S.K.: 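After the structure tokens below, expect a handful of questions from me.
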Amino acid sequence: MTMLSNLAPIPELYVSYESAQKLKLEAADLLSHDLTPRQICDLELLMNGGFHPLKGFLSEADYDGVVDNMRLSDGTLWPMPITLDVKEEFADRIEIGQDIALRDQEGVILATMTVTDKWVPNKAREAEKVFGADDVAHPAVNYLHHTAGKVYLGGPVTGIQQPVHYDFRARRDTPNELRAYFRKLGWRRIVAFQTRNPLHRAHQELTFRAAKEAQANLLIHPVVGMTKPGDVDHFTRVRCYEAVLDKYPAATTTMSLLNLAMRMAGPREAVWHGLIRKNHGCTHFIVGRDHAGPGKNSQGQDFYGPYDAQDLFKKYQDEIGLEMVDFKHMVFVQERAQYYPVSEVPEGSTVLDISGTELRRRLREGLEIPEWFSFPEVVKELRRTSPPRSKQGFTVFFTGFSGSGKSTIANALMVKLMEMGGRPVTLLDGDIVRKNLSSELGFSKEHRDLNIRRIGYVASEITKNGGIAICAPIAPYATTRRAVREEIEQYGAFCEVHVATSIEECERRDRKGLYKLAREGKIKEFTGISDPYDVPENPELRVETENVDVDNCAHQVLLMLESMGLIAG
């Protein structure tokens with residue numbers, strides 16, 4: 001099919017400026033919901049037409065249709081549930097038919113919503129159908145079960161104002177702004193490239209070829225909303241993209257930023273990305289191998305097959321109204337000093353390629369990154385945000401029963417690291433934190449969780465700023481430890497140390513007399529006695545403290561930090 005773009009404006013959900021001023025005053029008296037970062041991304045694309053034909057957050061009937069067969073209740077193709085999840089306490093205050101104000105995290109009213117539906121979803125079913133498995137190794141499934149609210153609200157949205165972005169403002173375009181830009185330049189065939197990673201030479205080759213084959217102009221359309229935990233931050237990525245733009249022939253290529261919260265849903269996500277790009281005026285879309293795949297599942301297998309996304313997209317491409325362009329895996333042929341698609345490499349040639357893992361290793365260890373692989377300007381940007389590991393901040397997170405020896409080993413480790421010098425070291429011991437950060441908290445499950453989250457937040461800030469954080473709480477719950485790990489790993493290494501002293505030995509030591517009080521029922525919900533402890537399955541290190549001196553335990557941690565490249569030997 002010969003795709004030509006229809007660049008007429010698409011419907012937005014905003015009211016006029018005058019109506020918005022009036023509505024803002026009225027909305028001030030409404031019950032308010034403070035949007036999460038993901039909901040702000042969703043709301044922005046609902047309001048500006050990026051999620052056209054949606055008129056708001058999905059009703060229960062639309063949600064069921066999307067989850068079961070990728071269709072709204074009227075039969076329109078839509079693969080991703082766009083839902084307003086809220087806490088039960090908030091949902092209890094809502095009547096069907098009520099208007100609520102949707103505010104950003106500073107309290108600015110972005111929109112109002114008329115609540116037409118309120119229901120408790122079956123999240124296991126949503127995970128199974130949308131993401132292919134109810135497996136919390138998938139970041140979106142983990143989000144669904146451990147971050148998202150229990151109740152969904154559905155209903156149409158009336159847009160008052162766009163979320164404010166202070167960064168890269170000139171690079172952010174609504175679907176209608178991009179359509180107007182394409183109209184102005186006379187572009188009628190536009191191939192979109194979706195990315196959440198920096199662009200290297202192979203990507204530049206691939207996108208340039210894809211545009212040439214489709215006889216189309218190129219839109220580089222990176223996601224700057226929420227991507228996968230551990231991805232390069234969008235500030236660094238956008239600086240990298242800007243460095244690469246000059247490498248394309250003049251006037252053939254443009255770049256615009258998409259404030260999308262990705263779900264990493266593989267095949268369904270590819271179809272969703274296609275519909276979003278169609279709304280932005282594109283005619284072609286590059287779908288990669290394992291497009292929007294989240295990596296490995298709990299069994300160590302890939303969540304999706306390498307071509308599942310391409311197969312599903314092909315099936316629906318006529319209905320999406322966008323033609324798929326195959327993502328060709330490009331490799332560098334040494335003898336010809338140029339890139340070729342893997343399938344066209346001349347026989348007997350030497351093929352060079354660097355995987356993402358290998359690139360991260362080279363950055364981490366300060367090793368050379370060859371010019372055939374990436375542009376010097378891109379490497380320079382990546383090195384600015386990714387110094388060698390031995391110069392980055394990191395967190396050592398001790399977990400174990402009360403009395404297991406966590407604090408003693410943590411103290412010894414702190415002294416050893418301070419002796420080595422080079423980076424500031426902060427000890428966030430359980431008792432110190434309780435006194436200075438969490439003095440108002442009790443010992444209920446909810447309060448203990450909150451205490452660990454606070455420790456995680458402080459450790460992530462220390463790590464981000466190049467320091468070493470040593471944490472030594474009990475941290476009995478695996479889900480909370482995982483959340484802390486994810487928060488910290490955005491900025492540096494996280495190293496979990498399980499101090500595996502048995503409960504019998506801890507009780508025998510009982511320096512603070514806590515076990516005795518717990519046995520007498522005077523301390524409720526005591527870890528290991530009346531409350532569970534989730535033993536870490538894959539900590540970076542497990543140390544036994546029975547019949548081992550503290551110095552030796554601390555030394556084991558140092559050796560592990562050395563093997564991870566975090567400290568010089």
Side-chain angles (χ1 to χ4, degrees), residues 191 193-216 218 220 222 228 230-232 236-237 239-249 252-253 284-293 295-296 300-302 304-311 324-390 563-565:
V191 57
F193 180 59
Q194 142 84 30
T195 177
R196 43 171 255 272
N197 293 311
L199 296 189
H200 302 295
R201 285 188 189 264
H203 301 110
Q204 196 265 339
E205 278 294 330
L206 144 91
T207 48
F208 177 62
R209 277 171 179 255
K212 205 165 151 186
E213 277 172 32
Q215 294 177 309
L218 176 65
I220 297 172
K228 186 181 158 196
D231 279 352
V232 175
T236 304
R237 287 191 287 117
R239 291 195 298 269
C240 290
Y241 302 140
E242 288 183 328
V244 175
L245 272 182
D246 299 345
K247 314 292 177 189
Y248 291 93
T252 63
T253 302
H284 295 70
F285 184 52
I286 299 169
V287 180
R289 278 179 83 249
D290 193 23
H291 185 98
K296 306 282 185 211
Q301 311 292 312
D302 288 334
Y304 311 114
Y307 302 106
D308 290 358
Q310 293 181 351
D311 294 344
M324 183 175 94
V325 179
D326 277 5
F327 182 108
K328 294 185 173 55
H329 183 50
M330 308 292 289
V331 289
F332 189 75
V333 174
Q334 195 170 13
E335 290 79 2
R336 306 281 176 100
Q338 68 188 73
Y339 277 88
Y340 282 82
V342 155
S343 54
E344 296 170 27
V345 171
E347 215 174 313
S349 307
T350 315
V351 167
L352 303 177
D353 197 11
I354 290 181
S355 68
T357 312
E358 173 62 10
L359 171 67
R360 284 189 292 276
R361 185 184 76 84
R362 288 180 181 224
L363 281 169
R364 196 169 61 230
E365 296 177 16
L367 302 172
E368 187 221 359
I369 293 163
E371 273 204 39
W372 61 260
F373 175 76
S374 195
F375 303 100
E377 301 91 327
V378 171
V379 173
K380 186 176 155 200
E381 281 302 336
L382 291 174
R383 287 209 195 279
R384 276 176 62 192
T385 12
S386 230
R389 243 190 159 171
S390 58
S563 72
M564 290 171 77

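Everything quoted here is computed from the prediction, not taken from an experiment.
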S.K.: Please lay out, stage by stage, how Leu359 and Phe373 fare under the test side-chain contact (heavy atoms from CB on, under 4.5 Å).
M.R.: CA-CA 10 Å; Leu359 171 67; Phe373 175 76; 3.8 Å; yes
S.K.: With sequence neighbours left out, what residues match Glu205 under side chain to side chain contact (heavy atoms under 4.5 Å, CB included)?
M.R.: Arg209, Met330, Tyr339
S.K.: Which residue pairs satisfy the salt bridge (Lys or Arg N to Asp or Glu O under 4.0 Å) criterion with at least one member in residues 350-359, sequence neighbours excluded?
M.R.: Glu358-Arg361, Glu358-Arg362
S.K.: Check whether Arg289 reaches the backbone of His329 with its side chain - one donor and one acceptor, N or O, closer than 3.5 Å.
M.R.: no
S.K.: Where do Arg201 and Ser374 come nearest, in terms of heavy atoms and distance?
M.R.: NE-O, 3.6 Å
S.K.: Can you measure from OG1 (Thr195) to CD1 (Ile220) and round to the nearest 0.5 angstrom?
M.R.: 9.0 Å
S.K.: From Leu206 CG over to Gln204 CD, what is the distance, rounded to the nearest 0.5 angstrom?
M.R.: 9.5 Å
S.K.: With ring centroids as reference points, do His200 and Phe375 lie under 6.0 angstrom apart?
M.R.: no
S.K.: His291 and ring pair (Phe, Tyr, Trp, His ring centres under 6.0 Å): which single residue from Tyr307, Tyr304, Phe285, Phe193 fits?
M.R.: Phe285
S.K.: What closest approach, in Å, do Glu381 and Cys240 show between heavy atoms, and which atom pair accounts for it?
M.R.: CB-SG, 3.7 Å
S.K.: Say whether Gln334 and Ser349, considering side chains only, have a donor N or O and an acceptor N or O under 3.5 Å apart.
M.R.: no
S.K.: Between Glu335 and Thr350 (side chain of the first, backbone of the second, donor and acceptor by atom type, cut-off under 3.5 Å), is there such a pair?
M.R.: yes
S.K.: For a quick test of reading the model, state the closest non-hydrogen atom pair linking Pro222 to Arg237 and the distance between them.
M.R.: CB-NH1, 4.4 Å
S.K.: Given Val345 and Val331, is the side-chain contact (heavy atoms from CB on, under 4.5 Å) satisfied, shown in steps?
M.R.: CA-CA 8 Å; Val345 171; Val331 289; 3.7 Å; yes
S.K.: Which atom pair, heavy atoms only, marks the closest approach of Ile369 to Leu363?
M.R.: CD1-CD2, 3.7 Å
S.K.: Report, one line per pair, each donor and acceptor closer than 3.5 Å where one atom sits in a side chain of residues 242-249; sequence neighbours left out.
M.R.:
unit_1, atom_1, unit_2, atom_2, d
Glu242, OE2, Arg171, NE, 3.0
Lys247, NZ, Glu377, OE2, 2.9
Tyr248, OH, Thr207, OG1, 2.7

S.K.: Check for a donor-acceptor pair, side chain of Asp311 on one end and backbone N or O of Asp308 on the other, with a separation under 3.5 Å.
M.R.: no
S.K.: Step by step, work out the side-chain contact (heavy atoms from CB on, under 4.5 Å) result for Gln301 and Lys296.
M.R.: CA-CA 5 Å; Gln301 311 292 312; Lys296 306 282 185 211; 5.9 Å; no
S.K.: Decide yes or no for Ile354 and Trp372: does some side-chain heavy atom of the first lie under 4.5 Å from some side-chain heavy atom of the second?
M.R.: yes
S.K.: What distance separates Leu382 CG from Thr236 OG1, expressed to the nearest 0.5 Å?
M.R.: 7.5 Å
S.K.: Looking only at heavy atoms, which two atoms of Ile286 and Val191 are closest? And how far apart?
M.R.: CG1-CG2, 3.8 Å
S.K.: Return the minimal non-hydrogen interatomic distance between His284 and Ala214, and the atom names on each side.
M.R.: CD2-CB, 3.8 Å
S.K.: Starting at OG1 of Thr253, measure out to CZ of Phe208 and round the result to the nearest 0.5 Å.
M.R.: 8.0 Å
